[in-house]
Amino acid sequence: MPDPTTGTVFGVPGVAALWIMALVAFALFGHRMWRLVAALRRGRPEMRWDRLATRMQYVVVNVFGQRRLLGERVIGTAHFFIFWAFVFFATSFFWNLIRGLVPVLPIPFADEVRWMTFPMEILAVLGLAGIVVAAVRRYVFTPESLERTWDASLVLVLIAVLLVTFAMGQGFTALAEQHASPWSPVGNALAPVVAGIGVTREGATTLYAWMWWIHMATVLGFLAYLPYSKHAHLLFGPFGVFFAALVPGGVPPASEGAAHIGQLTWRQQFSALACAECGRCDRVCPAHKSGFPLSPKDLMHNLKGIFLEAVAPGGNGTPLVGSLANPDELWACTTCGACMERCPVFNEHIPVIVELRRHLVSEGQTDTRVQDVLMALMRYGNSFGQSPRGRAKWTRGLDFKVKDARKERVEHLWFVGDYASFDPRVQEMTRTTARVFTQLGIDFGILYEGEQNAGTDARRIGEEGLAEMLREKNATVLGQAQFDKVVTTDPHTYQALSHEYGENGNGALRGRPVLHYTELLDVLAREGRLTVSDPQRRRVTYHDPCYLGRYNGIYAAPRRVLRATGADVVEMPRTKATSYCCGGGGGRIWMEDTPGIRERPSEARVREAASLTGVDTLVVSCPKDLVLFQDAIKTTGLEGKLAVKDAIELVADAIAPATPLPESAAEAE
């Protein structure tokens, strides 16, 4: 086909017209991008350039592989095709643009290269099908929190125009050249169609040039428009994946909190640009689903508005609390991480919430109950306000002495945690754990009154200074103890010791592994050291704690332990990475419920477990889950229909009394 740039466009030579359009588009694009990047640079610094190989792997899997979106089969597949059509057509556009701007280059246009046009034709068809699916989903079967905006409609139309103009251009090319190429199935199919409506070979040549120019003008217009639109996530989303947090937890770098957007880190502000406002975070948020006033999507939407205001000179003045989110919204978050786990562009809602909570704490804007708990943590080192000397009172019901790891060497230091130590509803489970450990020959000890709260929830409430004080006290006593590994029954403690104690607890852990007790039992079971004499022939379901599952990816070990006891594990609809939060994380267990909510997250979860056929037991592996679900059983009227048990109880019922093994438990993988 003739070079489209050799003719004229509205009286202007083709090459000159292309140069004018390109310069205008790139000037608008560059100006906006410069302003956006300059605004980001005003944020607090945060390291997100480390571990480049891992970050590139994230991009390959989650951008090019669309892993998180493919979990939704229909729309995920549609989005996959639209994305890859976008990749190929963007490549073709820049190829054609360079060739058109510099006609002397000895290269053909992209649509003259068979190995390029063939996949583009296939992707044009698949991409158009994907757009139809996306449009039907958005405007007919609209999911919760997915908005039907003119901006979204415009983007769908622009993408459709790009695909249609290319496909029609291929049809006109096939008609003009009178040659059916096996590399142009779409062109071959469209040629007789356009011929049937009276298009001649000469007319096809002219129409091909029009399709080419419309295609190029649309792309250049799209390029200029995107950074100004709500769909800027098409540009920034891939970078959001690259700059993802590689350490689980959702806690931002230490700060005094954020009152204005300039006090957020640049990465926290970047989430506003990457957000697609797709509502997936809302649809998995336990606070939002239960009727609390929190919407993770609105949080990002409001952040985007405030950020764009700050792009203008003299911005940054809008206070975050009240405009970004109200205190009731901020305190509703359970920090379960479901929003961040579900977000396809890896936006980080929890760090933004924690920054604002830090500001509220610094201003004394916390409810009385939370203030009392924080004071108890400061004075006594535990959230129950009990004397540290009472931390090991639970051991009095045992017929053996639990070792003091500060005074004698043990293989496993058991960091027990507050709820397992002080809550009367959990203490029997704690004693059961000690008995099972002893029966299985595990050499373990505890820190007695030397143990302090690990500080996980204090950090997420926003009391970073208190959390640091607790870490320092624990690091001191850990440094005095003699042990090879740490084991804990509390996923919140597991998170803190594994990821939030600096370089292995300020040196106190010295590279020694931290295990959840189900990981330790799993090792023993796989090595044949967990002898079952009374198999638990029951159908159970298992709840994945947020801080063990989503935060740390520990899914297989608890299930293997349960199956080793003889139990039949039936999965709930929301399981593993999609597990539904109990509602107690992030300090929520210490807060009063907001009046008028539909139901607590814990109540929704026990109903989900009770709906499973033949299941009579909900198994947990977190002390807080045990407390909250047992309460939820009562408030939902499920007493006698569903029991809540810790996994250690099934193990205790299943194993035979045995002489402690002389061998120590092997290293957990």
Carboxylate-amine/guanidinium proximity below 4.0 Å for Arg459 and Glu468: no
Assess the pair Phe422 and Trp394: is the distance between their ring centroids shorter than 6.0 Å? no
Checking Arg357 side chain against Leu330 main chain: does a donor-acceptor pair fall under 3.5 Å? yes
For Glu592, does its backbone N or O pair with a side-chain atom of Arg588 as donor and acceptor, under 3.5 Å? yes
Would you call Asp568-Arg539 a salt bridge at under 4.0 Å N-O? yes
Is it true that Arg425 and Asp423 make a salt bridge, defined as a side-chain N closer than 4.0 Å to a carboxylate O? yes
Surrounding CZ of Phe80 (heavy atoms of other residues, nucleotides or ligands, distance under 6.0 Å), is the total greater than 12? yes
For atom CD of Glu571, is the number of surrounding heavy atoms from other residues, nucleotides or ligands below 6.0 Å larger than 12? yes
For the rings on Tyr58 and Phe346, is their centre-to-centre separation under 6.0 Å? yes
Would you say the ring centroid of Phe629 lies under 6.0 angstrom from that of His543? yes
Short N-O contact, Glu451 and Arg391, less than 4.0 angstrom: yes
Basic-acidic side-chain contact under 4.0 Å: Glu72, Arg342: yes
May I ask you to say whether Asp544 pairs ionically with Lys576, meaning some side-chain N is under 4.0 Å from a carboxylate O? no
Is the backbone N or O of Gly417 less than 3.5 Å from a side-chain atom of Thr493, with the two atoms forming a donor-acceptor pair by type? no
For Glu639, is there an ion pair with Lys634 - N to carboxylate O distance below 4.0 angstrom? no
Centre-to-centre under 6.0 Å for Tyr551 and Tyr494, is that the case here? no
Does Lys645 pair with Glu428 as a salt bridge, N-O distance under 4.0 Å? no
